[in-house]
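In what follows, chains are A, B, ... by sequence order, proteins preceding strands, each numbered from 1.
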There are 2 protein chains.
Amino acid sequence: MATAAVAPRPAPRAVRIERVGGLDYDVLDALLGFAIRRAQLAIQGSFTEATRGMDTTPPRFTALVVIGANPGLSQTVLGKVLGIARSGAMQLTDWFEERALVERRKSPNDARAWGLHLTAKGEKITARLKERVFAQEQQWTAHLSPRERSELLRLLAKLTG
Amino acid sequence: MATAAVAPRPAPRAVRIERVGGLDYDVLDALLGFAIRRAQLAIQGSFTEATRGMDTTPPRFTALVVIGANPGLSQTVLGKVLGIARSGAMQLTDWFEERALVERRKSPNDARAWGLHLTAKGEKITARLKERVFAQEQQWTAHLSPRERSELLRLLAKLTG
DNA sequence: TATTGTTATACTCTATAACTATA
DNA sequence: TATAGTTATAGAGTATAACAATA
């Protein structure tokens with residue numbers, strides 16, 4: 001499908017919300033929602049730094065991992081995993097296919113659906129991404145003891161059911 | 001500035017990432033980044049439900065609270081609190097001013113800058129939003145014991161430094 | 001009828017860059 | 001020179017709605 005080389009977009013700047021000194025944050029400091037939002041922006045910044053030059057984003061990473069672990073996945077299910085509409089999952093799949101990371105194959109069970117599969121190149125890149133993302137988590141959670149880290153993971157899982 | 005009544009946009013659907021049954025999430029389950037992303041989407045969904053009809057979003061809520069607690073705040077500082085560019089803080093301020101929630105007043109110290117202030121209407125709406133958001137947090141964190149909730153808050157704060 | 005993938009379209013949020021007026 | 005606000009423009013990400021093929 002790719003008719004021309006696609007120029008990788010410039011790396012997005014790492015968003016870092018700094019706490020503004022001398023400012024009254026009022027109720028925000030007591031709200032879990034705000035704390036999670038801050039954490040999300042911070043980790044997204046770390047992710048961007050850790051994967052710089054690899055032209056990826058958190059949803060792309062998630063998609064590659066899930067397709068890798070579930071070969072033959074449909075686009076509809078991919079959308080559900082990511083929490084986006086089918087049309088978005090399709091565009092994402094197009095993006096991967098243009099770069100030869102993912103392949104669409106006819107589903108054996110359902111003639112309407114595609115089954116998604118990583119290509120050899122996709123496997124390699126996914127493996128490299130996993131390494132980087134793990135290293136980044138290591139670094140990002142360096143402030144926490146292993147016990148705190150797993151407790152945080154447990155509490156977040158409990159929260160989202 | 002408002003020349004015509006502004007139609008409130010339709011309430012955005014509450015995004016809810018459901019865990020897809022029978023799917024292998026591979027390394028994602030061990031990554032704090034993914035857990036936080038899930039939590040962020042979930043709480044954003046709850047926020048949307050809790051404030052339905054009030055035409056707000058998490059950044060808007062944050063802005064109103066911070067302006068309320070720090071009268072005379074400049075747009076530049078507002079942008080820093082939210083982690084967005086100055087131009088974005090300006091558009092947000094325009095949006096508030098069109099709805100008569102926030103007022104720009106000349107800063108006494110710096111003729112270049114505006115000082116932002118809540119109007120009486122803005123105060124009232126901010127107070128109502130705080131109530132709803134608190135009630136939502138209460139409900140959202142019902143799975144957690146008070147100890148777990150404060151531990152989660154502590155760990156997130158430690159994480160983002 | 002319902003669902004999969006697709007196309008077309010639109011909108012929100014945010015960024016960057018250049019401009020102005022002050023500092 | 002640097003900074004606050006502004007303007008213009010652009011892009012990513014995602015949504016909705018309608019359609020064809022298949023279930």
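Side-chain atoms of B:Ser87 and base atoms of C:dT16 include a donor and an acceptor less than 3.5 Å apart.
Within 6.0 Å of NZ on B:Lys158 lie more than 12 heavy atoms contributed by other residues, nucleotides or ligands. Within 6.0 Å of atom CD in A:Gln139, 12 or fewer heavy atoms from other residues, nucleotides or ligands are found, so the atom counts as exposed in its surroundings.
The residue among A:Asp94 and A:Arg112 whose nearest nucleotide of DNA chain C is located toward the 5' end is A:Arg112.
Distance, A:Leu82 CG to D:dA15 P: 10 Å, rounded to whole Å. Residue B:Leu41 contributes atom CG, which lies 13 Å from atom C1' of D:dG13 at whole-angstrom precision. C:dT20 atom C1' lies 14 Å from atom CE of B:Met90, rounded to whole Å. Taking atom CG on B:Asp110 and atom P on D:dA2, their separation rounds to 17 Å, with Å as the unit. For the pair B:Arg104 CZ and D:dA4 P, the computed distance is 15 Å after rounding to whole Å. If you measure from atom CG of A:Asn109 to atom C1' of C:dT3, you get 15 Å, rounded to the nearest angstrom.
Considering only side-chain atoms of B:Thr57, the nucleotide from C:dC13, D:dG5, C:dT14 that sits closest is C:dC13. Comparing atom distances between the A:Thr76 side chain and each of C:dG5, C:dA23, D:dT6 picks out C:dG5 as nearest.
The shortest distance between the side-chain N/O atoms of B:Arg60 and the OP1/OP2 oxygens of C:dT12 is not below 4.0 Å. A sub-4.0 Å separation between OP1 or OP2 of C:dT6 and a side-chain N or O of A:Gln75 is present.
The two residues B:Tyr25 and A:Val65 make their nearest non-hydrogen contact at O-CG1, 4.2 Å. Across every non-hydrogen atom of B:Ala39 and A:Ile36, the tightest pair is CB-CD1, 4.0 Å.
At a threshold of 4.0 angstrom between heavy atoms, the contacts of A:Ser74 are confined to the sugar-phosphate backbone, with no base atom among them.
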